[in-house]
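Quick note: numbers below take in every heavy atom, side chains included, and nothing from hydrogens, waters or symmetry partners. Chain identifiers are assigned alphabetically (A, B, ...) following the order of the sequence lines, protein sequences preceding nucleic acid strands; residue numbering begins at 1 within each chain.
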Amino acid sequence: VVTFTCLINGLQKARRWAGVKELLNKMTEQGIKPDVFTYTGLIDGLCKEGKEMEAMKMFDLMMEKGVEPSTVTYNILINQLCKEGMIDDAFAFMERMNVSGNASDVVTYNTLILGLCEANKMGKAIKLLDEMLEGKVGVYPNTVTLNTIIHWLCKRGGISRALEFQKMMVEKGSGLRPDSFTYSIIINELSKLGKIDDAEKLLREMKDHGLSPTLLDYNTLMESMSRGGMKERMMSLFSEMSEKLRPDVISFNTLIDAAGRDGEFETMKKLFLDMLDRGLSPD
RNA sequence: CACCGAUCUAUUUAAC
């Protein structure tokens, strides 16, 4: 079963649907019964293709066949319901899962919290997070939970609250730690707002938590420096990043564009050659 | 206390 399930998952990623069907037939030919993993993978694949009806049918089919869905199976469908904006049904489905003997896990809650955010119900999302933090639901939040809330607070203009949550994460005893997602979310937001000093401070702070700024972080910050007309700072950030990472095409495009704004043709040329030197192909 | 497979979060650069 494992072999077949792996193969099926691979084909699904490659969107080779005919192959999936063929493999399923081959399985039954050989008397191998699909298990929870197989069905769950199929349901996920169908959801990702937007075939939600098919996914539900698959869910029913697996139950008919006496294969008991797992929390993962339910989580996928809860996610699907959220994506369709059916947040109440998503919660109801979680209820059904619990009744069937599958406990909610952190992914279940993360999915629902994201659903609430996307449905413009930040208040409820945060309330649910608080309940998790207080231990009222029996599942403690993780980095993904906080990242989701932080991201959506940013989108909804709540950057200061987002920063409070980030502070909470770095505190000892919170049981949480920020990851590179956390930082890229906030650095991106601060950059958009033109709060370059704050963004750079955060970039420095990453090292204190065992994280290194990524290409994305540097590129984002450089772009906002360019917008703010802080070319010197941008260039020094660029040389700093060059020591640690390989700047990519986006990095160079950003720099060339910045030089272009001021008509600095020589600089542009230099950058262009530098880019070729490093084996990058211009796009 | 039996190796392997399934689910959740961020995405930066050009033409106003």
Undergrad: What class does the angle between the rings of A/F59 and A/Y74 fall in, given that below 30° is parallel, 30 to 60° is tilted and above 60° is perpendicular?
TA: perpendicular
Undergrad: Let me know the distance between CD1 of A/I149 and C1' of B/A10, rounded to the nearest Å.
TA: 14 Å
Undergrad: Before we go on, tell me: are the rings of A/F238 and A/F252 under 6.0 Å apart, centre to centre?
TA: yes
Undergrad: Taking the six-membered ring for Trp and the full ring for Phe, Tyr or His, determine whether the centres of A/Y109 and A/Y140 are under 6.0 Å apart.
TA: no
Undergrad: Would you please confirm or rule out a distance under 4.0 Å between OP1 or OP2 of B/C8 and any side-chain N or O of A/K48?
TA: yes
Undergrad: Classify the nucleic acid contact of A/L114 as base, sugar-phosphate or nothing, counting any heavy atom under 4.0 Å across all strands shown.
TA: sugar-phosphate
Undergrad: Going by heavy atoms closer than 4.0 Å, what residues in residues 4-16 of chain A are next to RNA chain B?
TA: A/T5, A/C6, A/N9
Undergrad: What is the separation between atom CG on A/L245 and atom C1' on B/U12, rounded to the nearest whole Å?
TA: 14 Å
Undergrad: Tell me: OH of A/Y39 to C1' of B/A6, nearest whole Å?
TA: 14 Å
Undergrad: Measure the CD1-CE distance between A/I149 and A/M132 for me, rounded to the nearest 0.5 Å.
TA: 9.5 Å
Undergrad: Taking N and O atoms by type only, does the side chain of A/S70 place a donor or acceptor under 3.5 Å from a partner on the base of B/A6?
TA: yes
Undergrad: Tell me, which of residues 176-186 of chain A have any heavy atom that sits under 4.0 Å from an atom in RNA chain B?
TA: A/F181, A/S184, A/I185
Undergrad: Round to a whole Å and report the spacing from CD1 of A/I256 to P of B/A15.
TA: 14 Å
Undergrad: To the nearest angstrom, how far is A/I150 atom CD1 from B/U11 atom P?
TA: 14 Å
Undergrad: Any base atoms under 4.0 Å from A/D283, or only sugar-phosphate, or nothing? Heavy atoms, all strands.
TA: nothing
Undergrad: Measuring from A/N79:CG to A/E84:CD, what's the distance to the nearest 0.5 Å?
TA: 10.0 Å
Undergrad: Just checking A/T148: base, sugar-phosphate only, or nothing, at a heavy-atom cut-off of under 4.0 Å?
TA: sugar-phosphate
Undergrad: Counting only heavy atoms not in A/R16, do more than 12 fall under 6.0 Å of its CZ?
TA: no
Undergrad: Between B/U12, B/G5, B/C8, which one does the side chain of A/D35 approach most closely?
TA: B/G5
Undergrad: NE2 of A/H151 versus P of B/U9: gap in Å, rounded?
TA: 11 Å
Undergrad: Can you check the A/E118 CD to B/C8 C1' distance for me, whole Å?
TA: 11 Å
Undergrad: For A/L128 and B/C8, give me the distance from atom CG to atom P, rounded to whole Å.
TA: 18 Å
Undergrad: Got a sec, which residues hit side-chain contact (heavy atoms from CB on, under 4.5 Å) with A/R246, two or more places apart in sequence or on another chain?
TA: none
Undergrad: A/F265 and A/F272: aromatic ring centres closer than 6.0 Å?
TA: no
Undergrad: Select one nucleotide: of B/U7, B/U11, B/C8, the one nearest the side-chain heavy atoms of A/V144.
TA: B/C8
Undergrad: Quick one: list whatever passes side-chain contact (heavy atoms from CB on, under 4.5 Å) with A/N188, sequence neighbours left out.
TA: A/K192, A/T220
Undergrad: Under the criterion side chain to side chain contact (heavy atoms under 4.5 Å, CB included), which of A/T5, A/T73, A/V1, A/V72 is the partner of A/V36?
TA: A/T73
Undergrad: Please identify each residue that fulfils side chain to side chain donor-acceptor pair (under 3.5 Å) with A/T108, with sequence neighbours left out.
TA: A/N75, A/D105
Undergrad: Does a donor on one side chain and an acceptor on the other come within less than 3.5 Å for A/D257 and A/T254?
TA: no
Undergrad: Out of B/A14, B/U11, B/U9, which has the shortest distance to the side chain of A/R227?
TA: B/A14
Undergrad: Quick one, which residues of residues 75-85 of chain A touch RNA chain B with a heavy atom under 4.0 Å?
TA: A/N75, A/I76, A/N79
Undergrad: Between B/A6, B/C8, B/U13, which nucleotide has the shortest distance from any of its atoms to the side chain of A/T40?
TA: B/A6
